[in-house]
Amino acid sequence: MIVGLLLLAVFLAFAVLMYRRLLPAIVAVPAMTVAMALVAGLPIAQIGTIVVSGASSLASVYVAVIFGALLGRVTMDTGIARALVNLAAEYGGERPFALALALCAIVALLFTSLSGLGAIIMVGSIVLPIMMTTGVPRSIAATLFLLSFALGFIFNIVNWKFYTQYFAVAPEQMTRYALVLAAIDACALVIYAVVAFRRERGYATFAVKGEEAATPRVPAVALVTPVLPLVLYYAFHLDPTLAFILAALFGVLVTRPRRAIPTLVAAAIRGVEDVAPAVLLFIGIGMLLTATRTPQFAAALAPFAGTWVRNPVAFVAIFGLASPLALYRGPLNPFGVGIAIFTILLAAHALPPVLLVAAVMAVVQVQNVCDPTNTANVWVANFTGVSIDEIMRRTLPWQVGVATAAALAIVLFGNALFGVRAFASLVPPAYADAPSSGLVAPPSAAHRIAVDDDRSALARDAAEATIAALARDGYGAFAAHENPNASDCAHKTYAAYLFVTTSSFALVEGTDLDVGLRLEDCGGWIVEEWHDHAVAPGAPQPERARALALEGVRRLEAWAASDPVRAKALFTRGLALAPSDPPTYFYTLFKTVDGYMRAYVRAGGPAYDAGLRTNDIVDKLDGKFWWEYGTYQTQLRAYDGKPHRFEVERNGSTYEIQLGAPLVPAHPASS
């Protein structure tokens, strides 16, 4: 607890430094990482490893940032962006309101693939003069430009690369929510425009007349260049970096085929300059992520993560109503010191990762538009002559409304949008009512144990002795021959399943007889296993099998006495789970002698509900073949509490399986 408090104190100290603008984020985040690692008790050598490995852990993200900037420069230098803006202006004509909305649509379209201050300056230098010299008041022009930029940035695949890499989610998990968020944001933009135009009666005056330079003619087909990466990424599932490269090549080849090489080289150099601060920030964020994955961090921060964020009211209050905390590089700003908050929640499995991404996307709508510390806001304010504080005052209520509506959508429609149920009910369910999906056995099965055997004569004798001993202990033990893993627990007549096995082999001293008792829950998940053996001359006798079985029962009784919480949960509800256990999906992965990676799944658990079954052959995990990770690394993913995506083979057919939310023992529905 003390170490955790010290870590939070370090976080708050750096938050204040960033809020007061005494330390930029690109310095604060790596410095905070080192300071927190020292407080957590990590050895100096390990801290050095964190700095080195963390700096490159998000390499694929900032490589995508760089090539996104390359495409941005190509789009601007070849005249494609100006042609799109002029197209909107042509159809907008002399109607300022219609022109403003048309230009907003073009800006949103452009920023699905463009990023960085350079892109803001280039697009803004074209769009803003057109707006202001055709009758759009400058305060409206400035705010609409930022609102439309944020709308397009919802789908910016550089951001999505960051989300998928950092939070280990699949793009398919976020698509529905992104569309909902975009619809909310677009509605807010249009309503804001209607209200603002009605209130503003004055017209813009612009000190510097818009440029009259001739616009290079570009083929109509070139106008698809800004959206080409989206098509390649979402439809063909190409990596963002490759999507940006192909789009940039397409752009220069259809506009300047003879100058393709010089155009690409110049765009690459200037693109790196545009996004250098973002690259440095991602290096620091990678260090922080690497540090928080260490056991020392997890242990120190566990008491503070909790499951409070699963309360729907708390979730909406924090990521919706309190979203202004993302301003001034505040504690909810994911591209400042606020990344520590989201990393702590991620490391503690407080929410499914996809819901953390959704929360980030909600608060980013406030930060992108309203934050006075954004270099984009500073440039727009200076260019239009509108106070940066006025931009914030005008847009903040609308964007807080967007974030709040988005947070409500996450809470109310999380299952439909993400396939997860992560939030507690406003009225906590009674103990007996939770959960009803087949995870636990019905009340009638309490204290009943089904005893099976391996069908050998000695095993039958051992099972009979086991049943008699358990009956004397007060359990409703009975003989059974079934596979508890074949179905969930909804209609089981027992809470626990005990499988009795025997084996023997010859020694010089005599014959060694082994009697094993394997304790499983009602869904066939192995809880414990005990083996007792004895050597005697001659063939094994039934009396020896019964005696060894009684030794096994005594071991079971000793286990129940040593772990009463888990034992009570098993024998009353059929699930050996303790409140201190980590979040789990109740499945594991194992490699068989035939070289396949297979699954072992607890019937009725979260992985079972998602469609995964015992003995499924796992081909791919999160879009990659399992051998690309390695055997051990693949098997380890079954215990990380993350909603992985599988491609499995079963009975000659292939299935796509997406895990939802894990079972969290501290959650009311599983306590």
Side-chain angles (χ1 to χ4, degrees), residues 63-90 102-131 145-146 148-161 211 213-234 238 240-276 278 376 379-380 383:
V63 168
V65 170
I66 291 171
F67 281 96
L70 163 67
L71 174 62
R73 283 290 177 177
V74 166
T75 303
M76 300 305 302
D77 295 345
T78 58
I80 294 171
R82 180 177 288 276
L84 283 167
V85 173
N86 288 345
L87 184 65
E90 179 182 346
L103 290 174
C104 284
I106 294 300
V107 171
L109 178 68
L110 288 170
F111 280 99
T112 58
S113 58
L114 306 187
S115 60
L117 179 61
I120 289 283
I121 294 173
M122 290 183 290
V123 176
S125 298
I126 301 170
V127 170
L128 291 170
I130 293 176
M131 281 192 184
F145 178 78
L146 290 171
S148 54
F149 151 72
L151 172 59
F153 221 62
I154 292 173
F155 298 99
N156 190 281
I157 61 176
V158 168
N159 272 359
W160 282 50
K161 181 65 176 180
E211 293 182 6
T215 302
R217 294 181 61 85
V218 297
V221 69
L223 300 183
V224 305
T225 300
V227 297
L228 185 56
L230 296 180
V231 176
L232 296 174
Y233 180 71
Y234 292 112
L238 293 188
T241 299
L242 183 57
F244 284 135
I245 292 172
L246 293 177
L249 287 172
F250 174 81
V252 295
L253 290 176
V254 298
T255 56
R256 298 181 179 178
R258 295 181 180 179
R259 293 188 51 79
I261 299 301
T263 301
L264 286 172
V265 171
I269 293 172
R270 297 183 66 189
V272 171
E273 295 173 355
D274 291 338
V275 296
W379 181 84
V380 170
F383 190 81

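For this chain, numbers begin at 1 and follow the sequence in order. Only heavy atoms go into these numbers, but all of them, side chains included; no hydrogens, no water, no symmetry mates.
Side-chain atoms of Leu114 and Pro226, non-hydrogen and from C-beta on, never get closer than 4.5 Å to each other. Using a 4.5 Å heavy-atom threshold, the side chains of Leu71 and Thr225 count as touching. For the pair Val127 and Ile106, the minimum side-chain heavy-atom distance is 4.5 Å or more. Looking only at side-chain heavy atoms (C-beta outward), Pro219 and Thr255 come within less than 4.5 Å of each other. Put simply, the side chain of Leu246 does not reach to within 4.5 Å of the side chain of Leu228, judged on heavy atoms. Residues Phe111 and Leu151 have side chains not in contact (no heavy-atom distance under 4.5 Å, counting atoms from C-beta outward). No side-chain heavy atom of Leu70 sits under 4.5 Å from any side-chain heavy atom of Phe244.
We find the CG-CG distance between Leu264 and Leu253 to be 7.5 Å, quoted to the nearest 0.5 Å. Atom CZ of Phe153 is separated from atom CG of Leu146 by 12.5 Å, given to the nearest 0.5 angstrom.
Among residues two or more places apart in sequence or in another chain, the side-chain contact (heavy atoms from CB on, under 4.5 Å) test is passed with Thr241 by Val63, Ala64, Phe67, Asp239, Ile245.
Closest heavy-atom contact between Val218 and Ala222: CB-CB, 4.5 Å. For the residue pair Thr112 and Leu109, the shortest heavy atom distance occurs at OG1-O, 2.6 Å. The two atoms that bring Ala248 and Val74 nearest to each other are O-CG1, 3.9 Å, heavy atoms only. Closest heavy-atom contact between Thr78 and Thr75: OG1-O, 3.7 Å. Here the shortest heavy-atom pairing between Ile126 and Ile130 reads O-CG1, 3.3 Å. Taking both residues in full, the closest heavy atoms of Ala267 and Arg73 are given as CB-CB, 3.6 Å, listed atom of the first, atom of the second, then distance.
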**OP:** Could you walk me through whether Val107 and Val123 pass side chain to side chain contact (heavy atoms under 4.5 Å, CB included), step by step?
**Re:** CA-CA 7 Å; Val107 171; Val123 176; 4.2 Å; yes

Original post:
Could you go step by step and tell me if Ile120 and Phe145 meet the side chain to side chain contact (heavy atoms under 4.5 Å, CB included) rule?
Top reply: CA-CA 9 Å; Ile120 289 283; Phe145 178 78; 4.1 Å; yes

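Ring pair Trp160/Phe155 is parallel by interplanar angle, where below 30° counts as parallel and above 60° as perpendicular.
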